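Scroll down for the structure; my scribbles are underneath it.
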Amino acid sequence: MSLETTGKPARIPKLSSSVHDISAEKPPFGSRFLTEGKDVWTQNAWDHVPPPDDQTETITASLARQRLAPVPEDDKKSYNEKPAKYWDNFYKTNADNFFRNRKWLHLEFPELLEAAEPNAGNITICEVGCGAGNAAFPLLMANKNPDLTIRAYDYSNHAVKLVQTNALYTSPPVGKIEAAVWDLSSLDKLPPGVEPGTVDIIILVFVLSALHPDEWGKAIANIHKMLKPGGLVLFRDYGRHDLTQLRFKSGRLLEDNFYIRGDKTRVYFFELDELALIFTGSRASPAHKTSTTTEVVDEDEDGGATSPLPSSQIASPASHTPTEIPNSGSDVPLDFSSSSSSSPQQPSSDVHHNLLHPLSNCPPHPLFKIEQLGIDRRLLINRKRQLKMYRIWMQGKFRKME
């Protein structure tokens, strides 16, 4: 319906993935472009929007304010000792009403729909950190493959109960679904029903950020052990200096880029190099990065109802352009001994100190090769309040080495 007949601008739908396939000759971009002369307030979201001019000052001020009043040392231990209990409380309070179903995953990760095709064959997909099943159930509803098994795991007992009491769980239309309690950071303990090297795809969406950095090595070891050779991790999580990070008030900072929310759940905000190091043991080489800003949808994927900052207080990362990293595997090894200021491998304050040496409880790298790794930058618009909200997420695909 047109603007003339309704008085409102037509909504431009999301037509392509936010992060393109690195092997594509002409990568698809988002479909909502903010060009000169267009009114920013005519759409809820825009693609390819540069960060505001005052981004550096905004980020510096926000982080400095947070560091003045971090979480008291006596409280940090309680938050890190039993994080599952806080997620239990979260799901007891919110049930399955907080997060929207993640149907957008099928657009971002077409491998999921390919696995759901009628003749795709015997495939096992594990969603780690399944919550109330907001990724598992949309996939189950779209499934046409009788040989597809979906396994859903979460360390919140209450979240798993929500999955198990869903009508789709008890009577799946096609294929199978199983759910159980399991902690991704468990040491030498795979989830129930999973033998080493038996999983084709692992969905890891807004999960790694909930772990303490000391737990990253155990998590990657478990993921690697579960997957078949050539198995795939589909990853999405929070990006450094996202609106959510800049909005944290006093008493929320556990350590740099790691916070405690009001509901006592934890969240970390990643850089691209950190993810490359976690999965491959290598930084993402600057020589391999290309600028590819990405697009937005009308959905708050972390599910939180937020009060956005005024536009003068919103920023994107100060020192990184949107990037897409070619398949780097482990061809750019981290030089732990380098002290040259010109070396691209020199340790940086942008990278967590745990990643400046091999992660504990993690097998030696290379474990994965990067098939996709990029930043999804989104400008969300509140037309009623005339507010601009800049969001930043990390997205990637990591293939287990054969």
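Here the structure is a predicted model, which is why all the values come from computation and not from measurement.
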Taking atom NZ of Lys228 as the centre, does the number of heavy atoms from other residues, nucleotides or ligands within less than 6.0 Å exceed 12?
yes
So, Phe269 versus His241, ring centres under 6.0 angstrom or not?
no
One should read off an interatomic distance between Arg378 CZ and Leu243 CG, to the nearest 0.5 angstrom, of 13.5 Å
For Glu127 and Tyr153, test the side chains for any donor-to-acceptor distance below 3.5 angstrom and give the result as yes or no.
no
Flag the pair Phe258 / Arg266 as yes when at least one side-chain heavy-atom distance between them is below 4.5 Å, and no otherwise.
yes
Ser62 vs Arg247, test: side chain to side chain donor-acceptor pair (under 3.5 Å). Steps then yes/no.
CA-CA 8 Å; Ser62 294; Arg247 288 186 66 252; over 6 Å; no
Give the C-alpha distance, both sets of side-chain angles, the deciding distance and a yes or no for side chain to side chain contact (heavy atoms under 4.5 Å, CB included) between His224 and Met401.
CA-CA 9 Å; His224 184 265; Met401 303 289 281; 5.7 Å; no
Heavy atoms of Ala180 and Val160 approach each other most closely as O-CG2, 3.5 Å
Could you give me the CA-CA distance, side-chain angles and deciding distance for Cys130 and Val163, then say whether side chain to side chain contact (heavy atoms under 4.5 Å, CB included) is met?
CA-CA 8 Å; Cys130 65; Val163 173; 4.1 Å; yes
Distance, nearest 0.5 Å, that separates CZ of Arg151 from CD1 of Ile203:
14.0 Å
Carefully, step by step, assess Glu178 and Tyr169 under the rule side chain to side chain donor-acceptor pair (under 3.5 Å).
CA-CA 8 Å; Glu178 299 175 1; Tyr169 184 88; over 6 Å; no
Report yes if some heavy atom in the side chain of Asn257 is under 4.5 Å from a heavy atom in the side chain of His352; otherwise report no.
no
On a heavy-atom basis, which atom in Leu162 and which in Ala132 lie closest, and how many Å separate them?
CD1-CB, 4.2 Å
Any chance the side chains of Asp200 and Thr124 put a donor and an acceptor closer than 3.5 Å?
no
Is the shortest side-chain heavy-atom distance between Leu184 and Leu204 below 4.5 Å?
yes
NZ/NE/NH1/NH2 to OD/OE distance under 4.0 Å, Asp256 and Arg67:
yes
Residue of the set Ile202, Leu367, Val199, Leu208 for which side-chain contact (heavy atoms from CB on, under 4.5 Å) holds with Ile223:
Ile202
Looking at every non-hydrogen atom in both residues, tell me the closest pair between Gln66 and Tyr259 and how far apart they are.
OE1-OH, 2.5 Å
So, Arg283 side chain and Asp273 main chain: donor-acceptor pair closer than 3.5 Å or not?
no
What's the shortest heavy-atom distance between Asn222 and Ser185, and which atoms?
ND2-C, 4.2 Å
Looking at side-chain heavy atoms only, is the closest gap between Glu371 and Leu232 below 4.5 Å?
yes
Straight-line distance of Leu277 CG to Leu356 CG, nearest 0.5 Å
8.0 Å
Heavy-atom check, side chain of Val233 versus side chain of Leu227, under 4.5 Å:
yes
Any ion pair linking Lys76 and Glu255 (charged N to carboxylate O, less than 4.0 Å)?
no
List the steps and the verdict of side chain to side chain contact (heavy atoms under 4.5 Å, CB included) for Phe235 and Leu275.
CA-CA 10 Å; Phe235 178 93; Leu275 296 174; 3.4 Å; yes
So, taking the atom named CD1 in Ile125 and the one named CD1 in Ile201, what distance separates them when rounded to the nearest 0.5 Å?
4.5 Å
Heavy-atom side-chain proximity of Ile392 to Arg240 below 4.5 angstrom
no
Would Gln395 and Asp237 satisfy side chain to side chain contact (heavy atoms under 4.5 Å, CB included), going step by step from the backbone distance to the final call?
CA-CA 7 Å; Gln395 184 167 305; Asp237 221 317; over 6 Å; no
Output yes when a side-chain donor or acceptor of Glu215 lies under 3.5 Å from a complementary backbone atom of His212, and no otherwise.
yes
Thr265 side chain to Arg261 backbone, donor-acceptor under 3.5 Å:
no
Give me the atom names and distance for the closest heavy-atom approach of Ile260 to Phe248.
O-CE2, 3.8 Å
For residues Tyr268 and Trp216, establish whether the separation of their ring centroids is below 6.0 Å.
yes
Closer than 3.5 angstrom, by distance alone: can the side chain of His365 be matched with the main-chain N or O of Ile278 as a donor-acceptor pair?
yes
Within-4.5 Å side-chain heavy-atom neighbours: Ile375 and Trp393:
no
Carboxylate-amine/guanidinium contact Lys176 Asp147, below 4.0 Å
no
Thinking salt bridges, do Lys77 and Asp75 make one under a 4.0 Å N-O criterion?
no
Could you tell me whether the side chains of Ser156 and Asp154 share a donor-acceptor contact shorter than 3.5 Å?
no
Output the distance between atom CZ (Phe368) and atom CZ (Phe279), rounded to the nearest 0.5 Å.
6.0 Å
Interatomic distance, CG@Leu148 vs CG@Asn122, rounded to 0.5 Å, equals 9.0 Å
Does a donor on one side chain and an acceptor on the other come within less than 3.5 Å for Glu117 and Asn145?
no
Taking all atoms of both residues into account, what is the closest heavy-atom pair of Tyr238 and Arg391, and its distance?
CE2-NH2, 4.3 Å
Under 4.5 Å between any side-chain heavy atoms of Met394 and Asp376, yes or no?
no
For Lys189, is there any backbone N or O sitting under 3.5 Å from a side-chain donor or acceptor partner on Trp182?
yes
Output yes when a side-chain donor or acceptor of Thr198 lies under 3.5 Å from a complementary backbone atom of Val194, and no otherwise.
no
